[in-house]
Amino acid sequence: MRTPFIAGNWKMNLNHNEAIKFIDDISYKFENKNNIRIAVCPPFTSLRSVILVLEDEMAKNPNMIIKTGAQNMYFEEKGAFTGEISPEMLKALGVEYVIIGHSERRELFEETDELINKKLKAAFKHELKPILCIGEPLKIREEGKAQEYTLGQLEKDLNDIPESELNNLTIAYEPIWAIGTGRTATPQDANEMCKAIRQKISKLYNDKCAQNLIIQYGGSVKPSNAKELMSMPDIDGALVGGASINVDDFLAIINY
Ligand code: 13P
């Protein structure tokens, strides 16, 4: 039985003051009717504030468990890498998850599968739990090559990653054409890809790993479509962008 996992990717939104207010507000209204795993992924500059306020709020309300994730990291441990953040720095802050290979990083910052593979290995080494994002652009979908492309990313990104790490991995299927566009994949299309990802994991590793793997869908997830997406058999959660920085929307998605 896979526990659903909903994570909010705040992207480059909410400075640390706004982040503190967000956590205060969500704590005040918090409910988790579905008993799911929840994480928020603020920008680096808000991580420390979010972790401290969450610690405080969770001590007051033991029913509230919200974990924290980073949106990126570098694979090296330390040194002359101006502007980068190491896995150890995230771990020392108390961060649990890290998004790796988001399409915005692949497209805008030219991250390759080779780099993503190094980042995944570094995350596992430092006991961070990566949320690996994969998914195709519109052109590839229109050419009918969405599965080939997305499963190709998966295979390259997981190169040489041992089975023992799979327990700590989440995959997010995020078709690029559905991100921030208001255009969601149909639940059937999203499920078909998540199922194909599971089958690929079964081939690359084994069926047990595939059955235990948490696969999120991401791309214009909103309160109005969360329930339908989450009811699909191979979709185990959501990676939410825009709707995750609105307290009421994020809570409505959690309680889909
Ligand atoms: P939106 O929910 O804003 O479409 O973003 C999805 C996403 O990129 C989450 O990582």
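Every number for a ligand or one of its atoms is a count from 1 in the order of the listing. What you are looking at is a predicted structure, and each value in this text was computed from that prediction instead of being measured.
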Under 3.5 Å, which donor-acceptor pairs do the side chains of residues 4-13 form with other protein atoms, sequence neighbours left out?
unit_1 : atom_1 : unit_2 : atom_2 : d
Asn9   : OD1    : Lys11  : N      : 3.0
Lys11  : NZ     : Glu104 : OE2    : 2.8
Asn13  : ND2    : Trp10  : O      : 2.8

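- Judged as a side chain to side chain contact (heavy atoms under 4.5 Å, CB included), and not counting sequence neighbours, the contacts of Lys208 are Asn206, Asn212.
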Give every pair formed by an N or O atom of ligand 1 and a protein N or O atom closer than 3.5 Å, one pair per line with both atom names and the distance to 0.1 Å, or write none.
unit_1   : atom_1 : unit_2 : atom_2 : d
ligand 1 : 2 (O)  : Ser220 : N      : 3.4
ligand 1 : 2 (O)  : Gly241 : N      : 2.9
ligand 1 : 3 (O)  : Gly242 : N      : 2.8
ligand 1 : 4 (O)  : Gly180 : N      : 2.6
ligand 1 : 4 (O)  : Ser220 : N      : 2.7
ligand 1 : 5 (O)  : Lys11  : NZ     : 3.2
ligand 1 : 8 (O)  : Lys11  : NZ     : 2.8
ligand 1 : 8 (O)  : His102 : NE2    : 2.8
ligand 1 : 8 (O)  : Glu174 : OE1    : 3.4
ligand 1 : 10 (O) : Asn9   : ND2    : 3.0
ligand 1 : 10 (O) : His102 : NE2    : 2.9
ligand 1 : 10 (O) : Glu174 : OE1    : 3.2
ligand 1 : 10 (O) : Glu174 : OE2    : 2.9

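- A 4.5 Å side-chain heavy-atom check between Asn72 and His102 finds every atom pair outside the cut-off.
- The side-chain heavy atoms of Asp189 and Arg141, taken from C-beta on, include a pair separated by under 4.5 Å.
- Each of Lys67, Lys129, Arg37 was compared with Tyr97 under the side-chain hydrogen bond (donor to acceptor under 3.5 Å, both in side chains) criterion, and only Arg37 meets it.
- With sequence neighbours left out, the salt bridge (charged side-chain N to carboxylate O under 4.0 Å, His left out) criterion links Asp248 to Lys29.
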